[in-house]
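One structure is given here, and the rest of the page talks about it.
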Amino acid sequence: MSEETQETTVNDSVLANIKVVNDLEEDDPRIPRIKIYIENAVDEIELYLGVDDLDSKLSVAVQKVTQNAITRENYEGTKSVSEEGMSLTFSDTDLEPIQSLLDSYKNSLADNDHRGGVFTFD
């Protein structure tokens, strides 16, 4: 599967899930902005992992970063907010809430990095 197709698949999957979770209709005016959040999340995760295309297994990570961006939309630059009994605390970075997930994935890549190695039997 090409990089563009893989990324499109992850983006489409995440967008579909975000629509369901947030009760969005197809013509919701926020969708173009949410697509940008998804693209940004994919780019950040690829950069952190040092990969050129995102494994579809990481769509959950993209969804979490995107949902956090949607939640944080009206609170840019704010560390925490409390309103009518609800309290939100925001992370310093977009990837902080999923750091352990990304690190586990990154470690699994390193553990499987024996492809292309040469084995000799003396």
Side-chain angles (χ1 to χ4, degrees):
M1 189 178 291
S2 75
E3 177 181 330
E4 186 176 316
T5 305
Q6 180 75 13
E7 189 171 303
T8 301
T9 303
V10 169
N11 290 9
D12 291 343
S13 170
V14 170
L15 182 59
N17 291 345
I18 291 291
K19 285 178 181 177
V20 170
V21 169
N22 293 284
D23 293 321
L24 301 177
E25 298 295 327
E26 288 297 321
D27 60 346
D28 193 295
R30 295 174 289 175
I31 290 180
R33 190 169 54 244
I34 291 170
K35 287 180 179 179
I36 292 170
Y37 294 153
I38 293 169
E39 290 170 11
N40 290 347
V42 167
D43 289 345
E44 287 182 71
I45 293 169
E46 286 176 346
L47 183 63
Y48 179 79
L49 294 175
V51 297
D52 291 330
D53 56 39
L54 207 58
D55 188 330
S56 62
K57 290 183 243 179
L58 290 169
S59 63
V60 67
V62 174
Q63 183 175 330
K64 288 180 182 208
V65 172
T66 302
Q67 186 62 51
N68 287 342
I70 293 167
T71 303
R72 194 176 51 241
E73 250 180 350
N74 297 320
Y75 304 107
E76 287 299 324
T78 305
K79 285 279 201 183
S80 64
V81 65
S82 294
E83 292 179 4
E84 299 178 15
M86 178 186 73
S87 178
L88 297 172
T89 303
F90 302 111
S91 301
D92 291 332
T93 69
D94 292 339
L95 299 182
E96 189 175 321
I98 59 165
Q99 195 77 43
S100 63
L101 174 73
L102 294 178
D103 287 341
S104 294
Y105 183 82
K106 197 172 190 177
N107 289 339
S108 75
L109 291 178
D111 292 345
N112 292 324
D113 198 22
H114 59 276
R115 289 169 281 162
V118 175
F119 293 96
T120 60
F121 299 97
D122 295 326

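With hydrogens and angles ignored, the 3.5 Å screen pairs no side-chain donor or acceptor of Asn22 with any backbone N or O of Leu24. With Ser104 contributing its side chain and Ser100 its backbone, the two residues share a donor-acceptor pair below 3.5 Å. Using modelled atom types, one side-chain atom of Ser108 and one backbone atom of Tyr105 make a donor-acceptor pair closer than 3.5 Å.
Note: Ile36 CD1 to Thr66 OG1 = 11.5 Å, rounded to the nearest 0.5 Å. Between the CG atom of Leu54 and the CD atom of Glu44 there is a distance of 12.0 Å, given to the nearest 0.5 Å. Interatomic distance, Leu102 CG to Ile45 CD1, rounded to the nearest 0.5 Å: 5.5 Å. With values rounded to the nearest 0.5 angstrom, Glu46 atom CD is found 11.0 Å from Asp55 atom CG. Between the CG atom in Asn11 and the CD1 atom in Ile18 there is a gap of 11.5 Å [rounded to 0.5 Å].
Considering only residues two or more places apart in sequence or on other chains, Lys35 meets the side-chain contact (heavy atoms from CB on, under 4.5 Å) condition with Leu15, Ile31. Applying the salt bridge (charged side-chain N to carboxylate O under 4.0 Å, His left out) criterion to Glu25, with sequence neighbours excluded, gives no partner residue.
Evaluated for a side-chain contact (heavy atoms from CB on, under 4.5 Å) with Val62, the options Asn17, Ile38, Ile98 yield exactly one hit, Ile38.
Contact detail for Gln99 and Tyr48: the closest heavy-atom pair is NE2-OH, 2.7 Å. Shortest non-hydrogen contact noted between Val10 and Ser56 is CG2-CA, 3.8 Å. Residues Val14 and Ser59 come closest through the heavy atom pair CG2-O, 3.5 Å.
Remark: Lys64 NZ is loosely packed, at most 12 non-hydrogen atoms of other residues, nucleotides or ligands lying under 6.0 Å away.
Looking at heavy atoms from C-beta onward, Gln63 lies in side-chain contact with Val21 at the 4.5 angstrom threshold.
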Could you walk me through whether Leu58 and Leu49 pass the side-chain contact (heavy atoms from CB on, under 4.5 Å) check? CA-CA 11 Å; Leu58 290 169; Leu49 294 175; 3.4 Å; yes
